Amino acid sequence: MLLLAAAFIVAFVLLLYMVSPLISPKPLKLPGAHVVVTGGSSGIGKCIAIECYKQGAFITLIARDENKLLQTKKEIEKYSVNDKQVVLCISVDVSKDYEQVENVLKQAQEKLGPVDMLVNCAGTSVTGKFEDIEVNSFERLMAVNYLGSVYPSRAVIATMKERRMGRIVFVSSQAGQLGLFGYTAYSPTKFALRGLAEALQMEPLETKLISETSSVCQAEQVARVIVKDGVQGNFNSSVGSDGYMLSILTSGMSPVTSIMEGLQQVVCMGIFRIVGLFYLGSFDSIVRRCMMQREKSESTDKTE
């Protein structure tokens, strides 16, 4: 049995070694590259723009609030590495009108050249129990979190394919890897991004799915990981030990971009599944306990 397992692992490694030249994309050089960041006026989007600008990239920032965009532009320009770099600001809602998104991205490419990397950061969230969330919130989140990534990607992908060069980064979430209590409106929109990224990966373009934690205090750390893995061409990226475990557990039919990544998934999947079951049990216990406490509190209030 041990010999059979060893033979399987050896055969798997050899297979990955043979296909690795096909699945490992060439690193993207950021100096002089044109990077577009949606949702770039704050949070992770702003930090990504700063990280790229520090490496010599030209930046197009897209967001709705023009005043915040101009403030962010001034902040980013402090990190310039040469006097040729440009930060272009575009105020537009990327989730409403595809033609408008397409037009502004054409204008950006006329000024700064073809898009080398698009980072889709635009997003929002609404939390609450399923029956308490307004129906229009489901529609709004799907528009912003999903279509807000579809429209910019659709606007630049043709040029990328023509040039045989480009990166599209989707910023997902741990809530896009497993369903969480209170995130019935948000979580499905991030699951949709994963499906989009995996389907696009089968087309002749290097598409990247980045999974991140949503804590604002980690924005700079998340941005560094996104930029590094986006440049290297990794399909799936994560931040923190829990993010790493989830990326292994939910790898499914996702492509790998290195031999080591494939080996880690094969070796760790079973172990992490056991740990994951423990976490799921803990989550369910916490939810049940909170509901019991709430019901007890409500009944006490009624008797008083």
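The first residue of the sequence shown is numbered 1, and numbering continues consecutively from there. All values reported here derive from a predicted model rather than from experimental measurement.
Hydrophobic clustering, with ILVMFWY side chains joined whenever heavy atoms are under 4.5 angstrom apart, groups L178 together with F130. Following chains of ILVMFWY side-chain contacts shorter than 4.5 Å, one can reach V150 starting from I90, so the two form part of one hydrophobic cluster. A continuous path of hydrophobic side-chain contacts links Y146 to V101 [ILVMFWY only; heavy atoms under 4.5 Å]. Hydrophobic clustering (side-chain heavy atoms under 4.5 Å, transitive across Ile, Leu, Val, Met, Phe, Trp, Tyr) keeps V104 apart from L70. When the side chains of ILVMFWY residues are joined at heavy-atom separations under 4.5 Å, either directly or via intervening members, V144 and L105 end up in two distinct hydrophobic clusters.
Between F272 and F278, the ring centre distance reaches or exceeds 6.0 Å. Ring to ring, Y98 and Y151 are close: their centroids are under 6.0 angstrom apart.
Between I62 and P152, every side-chain heavy-atom pair lies at or beyond the 4.5 Å cut-off. Contact annotation: the side chain of Q264 approaches that of Y244 to within less than 4.5 Å [non-hydrogen atoms, C-beta and beyond]. Between I59 and L88, every side-chain heavy-atom pair lies at or beyond the 4.5 Å cut-off. For the pair E75 and I50, the minimum side-chain heavy-atom distance is below 4.5 Å. For the pair R194/T250, a side-chain contact is recorded, criterion being any heavy-atom separation below 4.5 Å from C-beta on. Proximity of Y186 to V126: side-chain heavy atoms (C-beta onward) are nowhere separated by under 4.5 Å. At least one side-chain heavy atom of D93 sits less than 4.5 Å from a side-chain heavy atom of K96. Annotation: side chain of V119 is not in contact with side chain of F170 (no heavy-atom distance under 4.5 Å).
Nearest heavy atoms, G40 versus A63: N-CB, 4.3 Å. In plain terms, the two heavy atoms of F191 and Q177 that are nearest each other are CZ-C, 3.6 Å. Shown here for L118 and M160, the closest heavy-atom pair between the two residues is N-CE, 4.2 Å. Closest approach of G123 to N145, counting heavy atoms only: CA-OD1, 3.1 Å. Closest approach of V156 and Q109 over heavy atoms only: CG1-NE2, 4.5 Å. Looking at every heavy atom in both residues, I248 comes nearest to M269 through O-CE, 3.4 Å.
For the atom pair OG (S173) and CG (L180), the distance works out to 7.5 Å, reported to the nearest 0.5 Å. For the atom pair L28 CG and R167 CZ, the distance stands at 5.0 Å (nearest 0.5 Å). Taking CD from Q55 and SG from C52, the interatomic distance works out to 6.5 Å, rounded to the nearest 0.5 Å. For the atom pair SG (C47) and CD1 (I226), the distance works out to 9.5 Å, reported to the nearest 0.5 Å. Note: K78 NZ to Y53 OH = 13.0 Å, rounded to the nearest 0.5 Å. Interatomic distance, OG of S125 versus CG of L141, reported as 6.0 Å (0.5 Å rounding).
The backbone N or O of S153 lies less than 3.5 Å from no partner atom in the side chain of N120, so there is not a single donor-acceptor pair. The main-chain N or O of E99 is found under 3.5 Å from a side-chain atom of N103 such that the two form a donor-acceptor pair. No donor-acceptor pair under 3.5 Å is formed between the side chain of S187 and the backbone N or O of T184. Although no hydrogens or angles enter the test, the distance criterion places no donor-acceptor pair under 3.5 Å between the side chain of K228 and the main chain of A223. Proximity of a side-chain donor or acceptor of T60 to a complementary backbone N or O of V36 within less than 3.5 Å is not detected. Distance alone, capped at 3.5 Å, places no donor-acceptor pair between the H34 side chain and the F58 backbone. Counting only distance, with no hydrogens or angles, the side chain of T38 and the backbone of A122 share a donor-acceptor pair below 3.5 Å. N82 contributes a side-chain N or O that, together with a main-chain N or O of Q85, makes up a donor-acceptor pair within less than 3.5 Å. No donor-acceptor pair closer than 3.5 Å links the side chain of K68 to the backbone N or O of S41.
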task = Start with the C-alpha distance between E77 and K73, add both sets of side-chain angles, then the distance that settles salt bridge (Lys or Arg N to Asp or Glu O under 4.0 Å), and finish with yes or no.
result = CA-CA 6 Å; E77 287 176 337; K73 172 185 168 72; 3.0 Å; yes

task = Take K29 and D116 through the salt bridge (Lys or Arg N to Asp or Glu O under 4.0 Å) test and state the conclusion after the steps.
result = CA-CA 9 Å; K29 296 180 180 179; D116 296 294; over 6 Å; no

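Surrounding CZ of R273 are at most 12 heavy atoms belonging to other residues, nucleotides or ligands under 6.0 Å away.
In the model, S91 has no side-chain atom that pairs as donor or acceptor with a side-chain atom of D65 under 3.5 Å.
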